[in-house]
Amino acid sequence: MTSLFDSDPSPASAAPIILDGRSAPSADDALLAGLNPQQRQAVEYRGSALLIVAGAGSGKTSVLTRRIASLIDRREAWPSQILAITFTNKAATEMRERVQALLGNTADGMWISTFHSACVRILRREAESIGKTANFTIYDSGDTRALIKRIVKDLDADTLGFTVAGVSGKISKLKNELSDVETYARSANLSDPQEVMFLEIFRQYTKALRSANAFDFDDLISETVFLFRAFPRVAALYQRRFRHILVDEYQDTNHAQYSLIRELTMPIAPAIADDLEQQGLHVRALQDAVGVVPGASLTVVGDSDQSIYAFRGADIRNIVEFERDFPGAKVVLLEQNYRSTQNILSAANAVIANNFDRKDKKLWTAVGDGEKIVGFTGYSGHDEAQFVADEIEKLHANGMDYRDIAVFYRTNAQTRALEEIFIRSALPYRIMGGTKFYERAEIKDSMAYLIAVANPDDMLALRRILNTPKRGIGPATETQLGSYAGDNGITFREAMRDAGSLGLGPKVTNAILQLSALLDEAAAKADPTAPAGASPVADVLTFLLDQSGYLEALRSSRDPQDEARAENVEELVAVTKEFARNNPDGGLIDFLTEVSLVAAADEIDDSSGTVSLMTLHTAKGLEYDAVFLTGVEEDLLPHRMSAGEPGGPAEERRLFYVGITRAKKRLFLSLAMTRAQFGETAVAMPSRYLQEIPADLIDWKQSPGSATSRGGTQPRALNARRPGSRWGEETGQRNFGAAALDRPKAEWPNRITATVRDNGDLELAAGDRIRHTDFGDGRVTAVTGEGTKRVAHVQFEKAGTKKLLIKIAPIEKL
DNA sequence: CGGGCGTGTATTTTT
DNA sequence: TACACGCCCG
């Protein structure tokens with residue numbers, strides 16, 4: 001990494017950062033072109049604090065990027081003085097691109113990143129101050145859970161009713177409140193054995209992280225705050241550097257993130273400012289009459305109606321009370337919507353109006369009513385999915401691109417039915433998030449090898465690979481290594497090197513030493529200070545996978561799933577190569593960091609010609625021509641688990657609101673009368689939120705009311721239904737689910753039948769040329785699988801490599 | 001120590 | 001359904 005401060009291309013003394021608000025306007029009219037008065041004000045206002053209340057689709061990204069561009073264009077700031085925080089890496093990338101498009105290439109040196117990435121960058125640089133080293137590991141929630149699980153087990157805490165989920169949730173909550181173990185201990189009730197036990201778990205967890213030289217997700221933020229509070233001189237480096245801080249999705253910040261922003265925008269005391277000046281970090285031009293460097297200017301953008309992360313500690317008060325926190329703050333309201341039709345907005349407005357504790361805000365548009373919202377009640381989750389698939393086909397036939405269509409759902413479990421139907425209907429789709437690539441066991445294994453090389457203190461990673469692949473090193477041996485390390489005050493890694501003195505069997509001892517040597521050799525390859533320089537990550541990974549025998553073990557396994565696992569591992573190697581292309585200077589640590597911080601929304605590739613499937617949470621910040629909001633049922637939306645929590649139903653309503661407002665032209669709301677949950681089929685009721693949408697906005701293809709009584713399409717029954725009444729009772733069928741199941745499906749009116757593609761026993765072999773309806777022409781490189789599950793691996797001319805199920809893929813042989 | 005089999009339990013959302 | 005865990009045997 002290049003130095004952040006010393007070689008700053010923009011010494012503050014020379015920077016034209018005097019904010020007198022009267023800077024001569026340069027030729028930046030282009031930056032304001034096409035903006036409405038409120039947007040223009042949000043771009044042009046200059047002052048210490050600005051809150052932009054941006055309703056859904058009100059052009060906030062445009063405003064933010066133009067605001068940044070205008071600061072630079074008018075010479076009020078250097079790029080390096082800008083810090084822009086977004087929620088996802090994807091949003092950060094998009095913002096960077098848009099700023100670059102406005103300014104040309106002067107966006108270099110700007111920090112545009114997520115809270116977590118920015119904090120990692122700071123922490124790697126300042127690690128020594130807080131007892132870590134720059135190569136620390138970042139533990140994701142899976143790692144955290146694994147660690148807590150071990151501690152809970154060691155302490156027999158499960159007998160006291162402690163669960164891994166409960167403990168990790170509580171620790172996360174505490175960290176988001178900036179409470180560490182000692183702070184918590186002071187307020188804990190020590191006569192309660194439960195509290196004492198929790199404290200002990202928390203202590204051991206903290207200790208384990210420290211000795212593993214690792215941070216968990218929450219630490220990344222909180223430790224940065226602690227760092228700034230403990231070392232004002234370190235904080236001053238960043239306070240000096242970042243003169244303009246912009247935060248997107250401010251309504252979703254938690255207390256720790258809020259505190260981080262507060263720290264970054266604090267003024268620098270005269271004594272510390274003088275120190276900086278003496279170090280050659282110029283601050284003179286920034287200091288006021290008494291020598292204080294005033295705090296950075298802060299711009300936050302948000303919409304309290306879109307706050308959907310309270311469960312993760314997001315505090316809506318951060319945005320509601322912004323004006324109190326930052327006296328003199330200017331507030332700009334953006335209410336004109338440039339995304340959706342009026343019908344969609346009216347539905348959204350009507351729904352969100354039911355949240356009582358909100359500032360009234362009404363979205364409006366100039367584009368006209370558009371088409372009505374379409375409603376559909378399926379007989380089952382599959383039926384609903386079939387409706388979705390059929391409607392997508394219709395939209396596609398009428399010229400809409402698959403990439404402009406999205407399907408949303410509340411829980412990941414709902415993907416199953418959708419996926420089955422989509423495969424049968426030969427619809428190209430992609431699931432964002434869900435069981436992520438990096439959460440697969442084989443990927444975690446491979447990553448653990450890399451982590452063990454990058455951070456030898458990471459005992460969790462070492463334990464993971466110790467017997468993967470099988471080396472005959474069992475739990476007993478692992479425990480012995482652990483206690484040997486503890487007894488001698490050395491790390492687990494050092495204990496492995498010293499395995500000869502443990503008095504284990506020769507076979508086991510040899511296995512440990514061999515692994516140890518392999519890791520040492522890999523570390524030498526990866527070491528950037530080595531004479532030959534560091535090998536690319538891909539080489540290190542390939543070396544580890546080959547020499548450890550891991551890949552070979554997967555390939556030669558008789559478990560058929562291991563073939564797919566081997567392919568995934570090879571895919572990871574491809575990812576490392578891709579990484580090297582995009583980051584020529586990136587080392588192993590950089591790769592591990594990037595992988596740790598990818599989010600579900602980051603995977604979205606706008607250029608792929610597929611329908612996107614995702615949870616409502618992932619959908620935030622995105623927009624699509626057509627949106628299918630599925631599973632609009634009680635116990636799903638609002639989710640059953642939210643019922644007990646204070647503010648739960650209101651947050652679920654906001655989630656529904658977020659989903660609705662993603663749609664530009666067409667919105668489809670669907671639900672099912674029965675839904676499969678854990679194998680069983682349960683009766684589902686329409687969501688209470690459906691009744692909040694004015695009836696004339698929805699065109700029910702099959703309404704919840706009519707679906708039970710056959711025929712009739714008026715949604716009257718839905719609106720008349722009293723809360724608490726059950727569908728089954730209307731028709732006198734208490735046991736509705738079971739009775740309905742016996743009925744032939746065809747009895748339901750308007751049921752849309754699918755055309756299932758079937759290529760029969762189309763014979764394909766490597767070398768054949770084929771044509772795909774979406775991907776175009778390509779050449780078959782291989783055929784794997786048997787019978788109906790035969791898969792063609794195809795290299796397309798335009799669309800890259802794809803794997804296609806031969807029986808159902810929309811392809812023809814040329 | 002490894003693998004196989006049987007039972008029990010779990011699904012909210014995620015940086 | 002499906003996965004994780006514990007138990008048992010080779």
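Every chain is numbered from 1 and lettered A, B, ... according to where its sequence line falls, protein lines coming before strand lines.
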On DNA chain B, check which nucleotide each of A:Ala165 and A:Gln257 is closest to and give me the residue with the more 5' one. A:Ala165
Could you check which of B:dT12, B:dT14, B:dT15 has an atom nearest any side-chain atom of A:Phe311? B:dT14
Measure from the side-chain N and O atoms of A:His255 to the backbone N and O of A:Leu178, and report whether any donor-acceptor pair falls under 3.5 Å. no
Would you say a side-chain N or O of A:Asn412 is under 4.0 Å from OP1 or OP2 of B:dT12? no
Write out a two-atom table: protein N or O, nucleotide N or O from nucleotides 6-10 of chain C, distance below 3.5 Å.
none

Testing B:dT11, B:dT14, C:dA2 for proximity to the side chain of A:Thr615, the answer is B:dT14
For the pair made of NZ in A:Lys444 and C1' in C:dA4, what is the distance, rounded to whole Å? 17 Å
Report the nucleotide, chosen from B:dT12, B:dT15, C:dT1, that has the shortest atom-to-atom distance to any side-chain atom of A:His639. B:dT12
Tell me yes or no: between the side chains of A:Asp445 and A:Thr468, is some donor less than 3.5 Å from an acceptor? no
Using distance alone, with no hydrogens and no angle criterion, decide if A:Tyr139 and A:Asp458 have a side-chain donor and acceptor under 3.5 Å apart. yes
Side chain of A:Phe217 - closest among C:dA2, B:dT13, B:dT15: B:dT15
Once you round it to whole Å, what is the distance between P of B:dT11 and CG of A:Leu636? 15 Å
Tell me the interatomic distance from A:Asp248, atom CG, to B:dT15, atom P, rounded to whole angstroms. 15 Å
Do A:Asn455 side-chain atoms and A:Ala212 backbone N/O form a donor-acceptor pair below 3.5 Å? yes
For every nucleotide of nucleotides 2-9 of chain B, 5' to 3': is a protein heavy atom under 4.0 Å from its base (B), only from its sugar-phosphate (S), or from neither (-)? SSS-----
Heavy atoms under 4.0 Å, any strand shown: does A:Ala676 hit a base, just sugar-phosphate, or nothing? nothing
Ring pair (Phe, Tyr, Trp, His ring centres under 6.0 Å) partners for A:Phe162, two or more places apart: none
Please report the distance, rounded to the nearest Å, between CD in A:Glu439 and P in B:dT14. 10 Å
Rounded to the nearest angstrom, tell me the gap between atom NE2 in A:His617 and atom P in B:dT14. 7 Å
Judged by each residue's nearest nucleotide on DNA chain B, which is more toward the 5′ side, A:Arg312 or A:Glu478? A:Glu478
Under the ring pair (Phe, Tyr, Trp, His ring centres under 6.0 Å) test, which residues partner A:Tyr409, sequence neighbours left out? none
Would you measure the distance from the P atom in B:dT13 across to the matching atom in C:dA4 and give it in whole Å? 16 Å
Would you say the side-chain atoms of A:Tyr258 and A:Arg262 include a donor-acceptor pair closer than 3.5 Å? yes
Starting at atom CZ of A:Arg416, determine the distance to atom P of C:dC3, rounded to an integer number of angstrom. 8 Å
Grab the CD-P distance between A:Glu419 and C:dA2 for me, whole Å please. 12 Å
Short question: side chain of A:Thr630, backbone of A:Phe408 - any donor-acceptor pair under 3.5 Å? yes
Among residues at least two apart in sequence or on other chains, which ones pass side-chain contact (heavy atoms from CB on, under 4.5 Å) with A:Glu97? A:Thr93
Mind checking side-chain hydrogen bond (donor to acceptor under 3.5 Å, both in side chains) for A:Glu633 and listing every partner two or more places apart, or none if nothing turns up? A:Arg675
Look at A:Thr477 and B:dC1 and indicate whether a side-chain polar atom (N or O) is within less than 4.0 Å of OP1 or OP2. yes
Could you work out which one of C:dT1, B:dT13, B:dT15 sits closest to the side chain of A:Ser141? B:dT15
Assign A:Tyr309 to base, sugar-phosphate, or nothing according to its heavy-atom contacts below 4.0 angstrom with the strands shown. sugar-phosphate
Are OP1 or OP2 of B:dT14 and a side-chain N or O of A:Thr618 less than 4.0 angstrom apart? yes
Length of the NZ-C1' vector between A:Lys173 and B:dT13, whole Å: 14 Å
Does A:Arg640 reach a base, just sugar-phosphate, or nothing at all? Heavy atoms under 4.0 Å. nothing
Any chance the rings of A:His617 and A:Phe311 have centres within less than 6.0 Å? yes
